[in-house]
Amino acid sequence: MQAGKPILYSYFRSSCSWRVRIALALKSIDYETIPINLIKDGGQQFSEEFQALNPMKQVPALKIDGITIGQSLAIIEYLEETRPTPRLLPRDPKKRAHVRMISDLIAGGIQPLQNLSVLKQVGQENQLTWAQKAITSGFNALEQILQSTAGRYCVGDEVSMADLCLVPQVANAERLSRHPWSPISEALLSIWLSPEPPPPNSDKPDLLHKNQKCV
Ligand SMILES: O=C(O)/C=C/C(=O)CC(=O)CC(=O)O
């Protein structure tokens with residue numbers, strides 16, 4: 001592995017990891033991936049080695065510039081501050097607040113309610129209903145917010161951190177729910193998602209079609 005390259009600890013189905021993968025791709029940051037399979041071996045995130053990197057035992061974690069960062073939004077904000085092109089947080093404070101609001105809504109108000117560890121606690125027979133309720137309720141709020149913030153993307157006409165959160169959340173929703181998606185979600189999906197689903201055991205299908213990002 002080349003010295004000095006950032007290392008992303010990631011799982012292909014982790015929507016939080018996916019946010020970071022999009023940020024790294026948009027900013028053209030070369031990096032290595034170490035897959036942490038959240039299912040195999042009882043969950044590789046629970047290994048002592050990984051816990052030393054991220055005591056929350058969650059992906060993503062990014063080793064970069066001599067530090068290790070956990071939590072996808074913290075990672076994206078670090079990338080934004082150290083590698084600012086292209087911008088993922090708008091210069092305008094009001095738009096930036098909207099981007100953070102939407103990102104937090106998804107990262108704090110939807111995804112954690114339907115992630116793997118919570119679904120395990122809920123139990124197999126209630127999982128789908130639980131996840132659908134969490135996603136539908138969050139997306140209903142989001143749809144309302146997007147009516148006043150969105151242009152071509154979640155906030156205005158530039159891709160931002162909010163879109164990096166929305167795209168993987170829509171993919172989760174498609175997997176777990178039957179929410180009727182807004183035209184914005186559909187447009188984002190057509191831009192960002194591969195038509196092919198990842199192979200079930202793959203550790204790293206890259207669903208991001210970087211070259212299509214400006215469609
Ligand atoms: O990095 C974050 O912001 C949050 C990470 C998680 O909550 C871990 C997780 O749920 C894995 C996943 O994305 O499914």
Side-chain angles (χ1 to χ4, degrees), residues 6-27 29 31 33-47 49-64 67-81 88-89 99-122 124 127-128 130-135 138-139 142 154 160-177 192-193 197-198 200-208:
I7 300 173
L8 179 67
Y9 297 81
S10 169
Y11 181 56
F12 79 94
R13 196 171 267 162
S14 154
S15 58
C16 303
S17 303
W18 192 349
R19 297 169 193 155
V20 174
R21 292 202 299 269
I22 301 174
L24 289 162
L26 284 176
K27 289 176 178 290
I29 299 168
Y31 67 101
T33 300
I34 296 192
I36 301 295
N37 192 312
L38 303 184
I39 314 279
K40 210 160 124 190
D41 310 326
Q44 295 172 342
Q45 71 277 27
F46 300 117
S47 72
E49 196 188 350
F50 186 71
Q51 276 186 55
L53 280 173
N54 186 358
M56 277 301 278
K57 303 168 223 162
Q58 290 177 335
V59 288
L62 184 71
K63 263 192 192 168
I64 188 166
I67 59 171
T68 304
I69 316 170
Q71 301 301 319
S72 57
L73 300 192
I75 295 171
I76 293 167
E77 294 227 13
Y78 178 79
L79 296 177
E80 181 73 0
E81 283 164 13
L88 295 175
L89 286 166
V99 167
R100 289 190 165 123
M101 170 177 67
I102 294 166
S103 303
D104 281 345
L105 186 156
I106 296 168
I110 305 178
Q111 191 277 339
L113 295 173
Q114 50 89 100
N115 72 11
L116 194 60
S117 61
V118 167
L119 292 186
K120 265 192 202 160
Q121 298 297 321
V122 168
Q124 191 139 22
Q127 278 180 1
L128 215 53
W130 175 279
Q132 287 171 354
K133 200 170 163 200
I135 291 170
F139 270 31
L142 191 55
C154 284
S160 72
M161 181 165 74
D163 304 294
L164 275 48
C165 293
L166 180 59
V167 168
Q169 187 57 55
V170 169
N172 278 352
E174 293 222 318
R175 200 157 48 83
L176 296 165
S177 173
W192 293 103
L193 291 180
N201 295 320
S202 168
D203 278 327
K204 51 165 197 169
D206 200 344
L207 299 183
L208 171 63

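Numbering of residues begins at 1 and proceeds along the displayed sequence. When a ligand or atom number is given, it counts from 1 through the structure's own listing order. Every heavy atom of this structure was used, including side-chain atoms; hydrogens, water molecules and symmetry mates were not.
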Non-neighbouring partners of S103 that pass side-chain hydrogen bond (donor to acceptor under 3.5 Å, both in side chains), sequence neighbours left out: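 For S103, no residue satisfies side-chain hydrogen bond (donor to acceptor under 3.5 Å, both in side chains) once neighbours in sequence are set aside.
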Sidechain-backbone polar pair: Q132 side chain, L176 backbone, donor-acceptor under 3.5 Å: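 Side chain of Q132 to backbone of L176: a pair is present.
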Check: Q44 side chain, N37 main-chain N or O, donor-acceptor pair, under 3.5 Å: yes
Neighbour list for ligand 1 [protein residues, heavy atom under 4.0 Å]: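 S14, S15, C16, R19, Q58, V59, P60, Q71, S72, Q111, N115.
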Side chains of Y9 and V20 in contact at under 4.5 Å (non-hydrogen atoms):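 Y9 vs V20: side chains apart.
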The single option from L88, I69, L26, L62 passing side chain to side chain contact (heavy atoms under 4.5 Å, CB included) against L79: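 Filter result, single survivor: L62.
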Option among V167, I75, L24, I106 that satisfies the side chain to side chain contact (heavy atoms under 4.5 Å, CB included) test with R19: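 With R19 as partner, side chain to side chain contact (heavy atoms under 4.5 Å, CB included) holds for just one option, I106.
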